Peer 1: 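Below is one structure. I have some questions about it.
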Amino acid sequence: MLKVVILGDSGVGKTSIMQQYVNKKFSTQYKATIGADFLTKELHIDDRKVVMQIWDTAGQERFQSLGVAFYRGADCCVLMYDVNNAKSFEALDSWRDEFLIQANPSDPESFPFVVIGNKIDVEDTKRAVSMKKAQAFCAAKGNLPYYETSAKENTGVEQAFDVVARNAMQQEEAHSYNQDYSDAIDINMDAESSSCAC
Ligand code: GDP
Ligand code: MG
């Protein structure tokens, strides 16, 4: 089981890309659900069957308060923006920081992020962030993979999620041991500071 979370400003197309990828559907309106929601997709990577759980927000990203359960145990994080919206691109940095704080991965430097610029089907004149600028950002953040997509027309979606799945699998293999014990409590800690005289 691989866990993937999609982060980015409200309206960039997070719900749409997930629906397109998993259910091959595009709608111009998705009802916000209560609490965090996920879809699962079964896929084969190099002859191995894996189940990818893709978590979507329910609109709480407007307040940047997704709760720790959303982030916990994520194997890959998709950072998504709208290529026609400069503000959504500028927000990527803070989404990345938020992820690292909340998910607290054991090796933050090597944690797999994938950046997606969505809505490339919209006419060229509306484009606010060039591919070059986005690529420069990704290079500066440690060579993050970058994909441009249209959730509406199903362009680039499969390719982007293929890399997401592969990176998630690598991360899971490298760190699953640590994750299993990350919530454990060290019972020896209290014993040392105990004031019990017996
Ligand atoms: P979220 O808030 O990030 O989950 O964004 P949504 O998936 O709800 O999408 C916000 C709006 O953008 C909706 O009206 C979608 O139909 C639209 N949208 C999403 N992806 C695309 C896309 O690739 N192209 C176009 N033209 N519109 C899109
Ligand atoms: Mg949404």
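For the numbers below, each heavy atom of this structure counts, side chains included, while hydrogens, waters and symmetry mates do not. Predicted, not measured: the structure shown is a model, and the values here were computed from it.
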Peer 1: Report yes if some heavy atom in the side chain of S16 is under 4.5 Å from a heavy atom in the side chain of Q19; otherwise report no.
Peer 2: no
Peer 1: Please check if V114 and L79 belong to a single hydrophobic cluster, counting links between Ile, Leu, Val, Met, Phe, Trp and Tyr side chain heavy atoms closer than 4.5 Å.
Peer 2: no
Peer 1: Judged by atom type as modelled, is there a donor-acceptor pair below 3.5 Å linking the side chain of N84 to the main-chain atoms of K119?
Peer 2: yes
Peer 1: Is there a side-chain contact between N85 and V12 (heavy atoms, below 4.5 Å)?
Peer 2: no
Peer 1: Output yes when a side-chain donor or acceptor of S88 lies under 3.5 Å from a complementary backbone atom of D82, and no otherwise.
Peer 2: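 Yes; judged by distance alone, with no hydrogens or angles, the pair exists.
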Peer 1: Would you call the rings of Y81 and Y146 parallel, tilted or perpendicular, taking 30° and 60° as the class edges?
Peer 2: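 Ring orientation, 0 to 90° scale: parallel.
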Peer 1: Ignoring hydrogens, what is the shortest heavy-atom contact between Q20 and A151? Give both atom names and the distance.
Peer 2: NE2-O, 2.8 Å
Peer 1: With rounding to the nearest 0.5 angstrom, report the CZ to CG distance, F99 to N104.
Peer 2: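 With rounding to 0.5 Å, CZ (F99) is 10.0 Å from CG (N104).
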Peer 1: Hey, is E42 close enough to R48 for a salt bridge, meaning N to O under 4.0 Å?
Peer 2: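 R48 and E42: not salt-bridged.
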Peer 1: Would a distance-only check, ignoring hydrogens and angles, find a side-chain to backbone donor-acceptor pair under 3.5 Å from D75 to K3?
Peer 2: yes
Peer 1: Working to the nearest 0.5 Å, report the span between SG of C77 and CD of Q102.
Peer 2: 11.5 Å
Peer 1: For a quick check under 3.5 Å, do S110 and D107 share a side-chain donor-acceptor pair by atom type?
Peer 2: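 Yes, D107 and S110 have a side-chain donor paired with an acceptor closer than 3.5 Å.
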Peer 1: Tell me whether M1 shares a hydrophobic cluster with V164, the cluster being built from Ile, Leu, Val, Met, Phe, Trp, Tyr side chains joined at under 4.5 Å.
Peer 2: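 No, separate clusters.
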Peer 1: Closer than 3.5 angstrom, by distance alone: can the side chain of K14 be matched with the main-chain N or O of G8 as a donor-acceptor pair?
Peer 2: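 Checked: pair present.
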Peer 1: Would you check if there is a donor-acceptor pair between the side chains of D121 and S150 at a distance under 3.5 Å?
Peer 2: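 Judged by distance alone, the side chains do pair up.
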Peer 1: Kindly state whether the ring of Y147 and the ring of F161 have centres lying under 6.0 angstrom apart.
Peer 2: no
Peer 1: What distance do E109 atom CD and K141 atom NZ have between them, rounded to the nearest 0.5 Å?
Peer 2: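 It comes to 10.5 Å.
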Peer 1: Does L43 share a hydrophobic cluster with M18, counting links as ILVMFWY side-chain heavy atoms below 4.5 Å and allowing steps through other members?
Peer 2: yes
Peer 1: To check you understand the geometry: which heavy-atom pair defines the closest contact between A86 and V129, and what is its length?
Peer 2: CA-CG2, 3.9 Å
Peer 1: Could K41 and Y21 be counted as a cation-pi pair, given that NZ or CZ must be under 6.0 Å from the ring centre and within 45° of the axis?
Peer 2: yes
Peer 1: Does some side-chain heavy atom of V4 sit less than 4.5 Å from a side-chain heavy atom of V78?
Peer 2: yes
Peer 1: Any donor-acceptor pair under 3.5 Å linking the side chain of E172 with the backbone of L2?
Peer 2: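 Here the side-chain-to-backbone pair does not exist.
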Peer 1: Does the pair F113 and L100 meet the rule for a side chain to side chain contact (heavy atoms under 4.5 Å, CB included), with working shown?
Peer 2: CA-CA 10 Å; F113 289 95; L100 291 174; 3.8 Å; yes
Peer 1: Would you check if V5 and W55 make a side-chain contact, meaning some heavy-atom pair closer than 4.5 Å?
Peer 2: yes
Peer 1: Quick one: do the T149 and N118 side chains pair a donor with an acceptor below 3.5 Å?
Peer 2: yes
Peer 1: How many angstroms lie between atom CG of L7 and atom OG1 of T57, to the nearest 0.5 angstrom?
Peer 2: 8.0 Å
Peer 1: So which atom in C76 and which in A168 form the shortest heavy-atom distance, rounded to 0.1 Å?
Peer 2: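 In terms of heavy atoms, the two residues are closest at CB-CB, 3.8 Å.
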Peer 1: Given the rule that I, L, V, M, F, W and Y join up when any side-chain heavy atoms are under 4.5 Å apart, are V115 and V157 in one cluster?
Peer 2: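 No, separate clusters.
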Peer 1: Identify the two heavy atoms, one from A160 and one from I116, that lie closest to each other, and give their separation to 0.1 Å.
Peer 2: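 It is CB-CD1, 3.9 Å.
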Peer 1: Under the salt bridge (Lys or Arg N to Asp or Glu O under 4.0 Å) test, which residues partner E158, sequence neighbours left out?
Peer 2: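 Counting only residues at least two positions away or on another chain, E158 forms a salt bridge (Lys or Arg N to Asp or Glu O under 4.0 Å) with K24.
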Peer 1: Could you tell me whether the side chain of L39 reaches within less than 4.5 Å of the side chain of D56, counting heavy atoms only?
Peer 2: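 Contact flag for D56/L39 side chains = no.
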Peer 1: Other residues, nucleotides and ligands only: do more than 12 of their heavy atoms fall within 6.0 Å of CG on D124?
Peer 2: no
Peer 1: Looking at every heavy atom in both P108 and P105, which two are closest together, and how far apart are they?
Peer 2: CD-O, 3.4 Å
Peer 1: Are any non-hydrogen side-chain atoms of I120 and R127 less than 4.5 angstrom apart?
Peer 2: yes
Peer 1: Nearest heavy-atom pair of M80 and G13: which atoms, and what distance?
Peer 2: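 Heavy-atom minimum between the residues: CE-O, 3.3 Å.
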Peer 1: Using a cut-off of 6.0 Å, state whether more than 12 heavy atoms not belonging to K152 lie near its atom NZ.
Peer 2: no
Peer 1: Is there a path of hydrophobic side-chain contacts, each under 4.5 Å between heavy atoms, that joins F70 and L92?
Peer 2: yes
Peer 1: Hey, are the side chains of M52 and I54 touching, using non-hydrogen atoms and a 4.5 Å cut-off?
Peer 2: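 Heavy-atom side-chain distance check passes, below 4.5 Å.
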Peer 1: Would a 4.5 Å heavy-atom cut-off, applied to side chains only, mark F38 and V22 as touching?
Peer 2: no
Peer 1: Sequence neighbours excluded, which residues qualify as side chain to side chain donor-acceptor pair (under 3.5 Å) partners of T155?
Peer 2: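 With sequence neighbours excluded, T155 shows a side chain to side chain donor-acceptor pair (under 3.5 Å) to no residue whatsoever.
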Peer 1: Taking side chain to side chain donor-acceptor pair (under 3.5 Å) as the definition, give me every residue that meets it alongside K87, ordered by chain and number, with sequence neighbours left out.
Peer 2: none
